[in-house]
Structure formats: C-alpha cells, structure tokens
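Please read the structure below before turning to the comments.
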Amino acid sequence: QVQLVESGGGSVQAGGSLRLSCAASGRTFNSYGMGWFRQAPGKEREFVAAVSWSGGSTAYGDPAKGRFTISRDNAKNTVYLQMNSLKPEDTAVYYCAAALMPRVVTESHEYDYWGQGTQVTVSS
C-alpha cells in the first residue's frame, strides 16, 4: 500500500509561482513512476506531468510545457511540481499519483495510487 500526501497548494496571482510536493510512504518509492494530474470544476481530470523512477525521463501535458517542471528526490520519497508563470486557467485541484512501474506514465488509468489533492487558485 502506498500513501500519497500533497502539499504546497494555495492562492497566487497570475504570473506567480508555486511548488507542489507529494510525500509518499513505502520503501520502494524509487521503483514507482510518479505523476501529477489536475481537475478543474466541471472538467475532466487532466494530465500535467510525469517522471520515471530515476527522474531521468519526464513528460508534460500541453498546458504545462515550458512553465512546469516535475522532479523527484528518492532519498526523501518526494516528488515535486514547480509551477511558474501561472495563469487563471491553471486553477484546479492537483493530484499526485503513483504507478507500480518505473517508466513515465501519462494515462490516469495506469496509476495505482492517488493522493487526496491540493487546491491551486490563480487570480487575474
């Protein structure tokens, strides 16, 4: 069983930055592919970013490209999402997820564990 706890969400003005963190339980964190998704009110869950077990491979959804960076620290069992140049349309609940495979995973149905989410609100 893996437990994921997100933190770092909050309210920020457009153009600002936030860094989300996701702390994972379990001794085999470095064998999981990790990802971030988001869901805005009335919209479907959307892929944001993913990272392989080593951190050597990453993938980004279109809204995140050029503005967000995913990274991980296996010694701390933590994955991060650095979000810069935030826009009002980035407002959503952001979810961390873990997949029981070491590669980059971009499809939500391939993830095995999910956090409870952290709210990000960007005002104009």
Side-chain angles (χ1 to χ4, degrees):
Q1 189 75 9
V2 176
Q3 291 187 330
L4 304 173
V5 180
E6 301 99 334
S7 62
S11 296
V12 64
Q13 289 191 328
S17 298
L18 283 174
R19 188 175 82 154
L20 306 183
S21 298
C22 173
S25 65
R27 294 178 294 176
T28 58
F29 175 75
N30 61 4
S31 64
Y32 305 150
M34 299 295 296
W36 288 95
F37 290 76
R38 70 185 187 185
Q39 188 165 20
K43 296 188 176 181
E44 293 189 351
R45 189 167 294 187
E46 177 181 37
F47 169 69
V48 176
V51 62
S52 63
W53 71 276
S54 66
S57 296
T58 58
Y60 294 92
D62 286 342
K65 290 178 180 176
R67 298 187 300 129
F68 296 0
T69 302
I70 189 171
S71 62
R72 65 190 295 163
D73 185 339
N74 288 340
K76 296 181 178 180
N77 281 14
T78 302
V79 63
Y80 304 98
L81 184 68
Q82 177 67 44
M83 304 187 295
N84 298 328
S85 302
L86 284 162
K87 306 174 183 180
E89 50 265 43
D90 293 318
T91 295
V93 177
Y94 283 71
Y95 297 91
C96 172
L100 296 180
M101 58 187 76
R103 61 176 175 85
V104 168
V105 179
T106 62
E107 297 294 330
S108 61
H109 71 270
E110 292 190 284
Y111 280 89
D112 300 282
Y113 300 99
W114 293 82
Q116 293 191 333
T118 185
Q119 176 71 46
V120 171
T121 303
V122 184
S123 59
S124 57

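Numbers here are sequence positions counted from 1.
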Spatial distance of atom [atom1] ([X]) from atom [atom2] ([Y]) [nearest 0.5 Å]:
X	Y	atom1	atom2	answer
Thr28	Asn77	OG1	CG	8.5 Å
Ser52	Ile70	OG	CD1	9.5 Å
Trp36	Phe47	CH2	CZ	13.0 Å
Glu46	Tyr94	CD	OH	8.0 Å
Thr58	Phe68	OG1	CZ	14.0 Å
Thr118	Leu18	OG1	CG	9.0 Å

Exercise: identify the closest heavy-atom pair between [X] and [Y]:
X	Y	answer
Ala14	Pro88	CB-CD, 4.1 Å
Val104	Ala50	CG1-CB, 3.9 Å
Ala92	Gln119	O-NE2, 3.4 Å
Ala40	Thr91	CB-O, 3.6 Å
Phe29	Ala24	CD1-CB, 3.4 Å
Ala49	Leu81	CB-CD1, 4.1 Å

Is there a path from [X] to [Y] through hydrophobic residues (I, L, V, M, F, W, Y) whose side chains come within less than 4.5 Å of each other?
X	Y	answer
Val79	Tyr95	no
Phe37	Leu20	no
Leu4	Trp53	no
Met34	Val2	yes
Val12	Met83	yes

Worksheet item: Is the number of heavy atoms from other residues, nucleotides or ligands under 6.0 Å of Gln39 CD greater than 12?
Response: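 Buried by this count: over 12 neighbours within 6.0 Å.
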Worksheet entry | Inter- and intrachain pairs under disulfide (SG to SG under 2.5 Å), touching residues 4-105, at least two apart | Cys22-Cys96
Throw together a table of side-chain donor-acceptor distances under 3.5 angstrom for residues 106-116, partners on residues two or more places apart or in other chains.
unit_1	atom_1	unit_2	atom_2	d
Glu110	OE2	Arg103	NH2	2.9
Tyr111	OH	Val105	O	2.5
Asp112	OD2	Leu100	N	2.8

Response to the item:
Residue set satisfying side chain to side chain donor-acceptor pair (under 3.5 Å) with Arg72, at least two apart, ordered chain then number -> Asn74
Discussion item. Using the side-chain contact (heavy atoms from CB on, under 4.5 Å) criterion, which residues pair with Ala23? Sequence neighbours excluded.
Written reply: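 By the side-chain contact (heavy atoms from CB on, under 4.5 Å) rule, Ala23 matches Thr78.
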Worksheet item: Distance-only, no hydrogens or angles: does the Glu6 side chain make a donor-acceptor pair with backbone N or O of Gly117 under 3.5 Å?
Response: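 Such a contact is found between Glu6 side chain and Gly117 backbone.
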Item to complete: Please confirm whether the backbone N or O of Thr69 pairs with a side-chain atom of Tyr80, one donor and one acceptor, at under 3.5 Å?
Response: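 A pair under 3.5 Å: no.
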Worksheet item: Is there any salt bridge (charged side-chain N to carboxylate O under 4.0 Å, His left out) pair reaching into residues 49-64, and which pairs are they, with sequence neighbours excluded?
Response: Asp62-Lys65
Discussion item. Considering only residues two or more places apart or on different chains, which pairs with a residue in residues 84-95 satisfy salt bridge (charged side-chain N to carboxylate O under 4.0 Å, His left out)?
Written reply: Arg38-Asp90, Arg67-Asp90
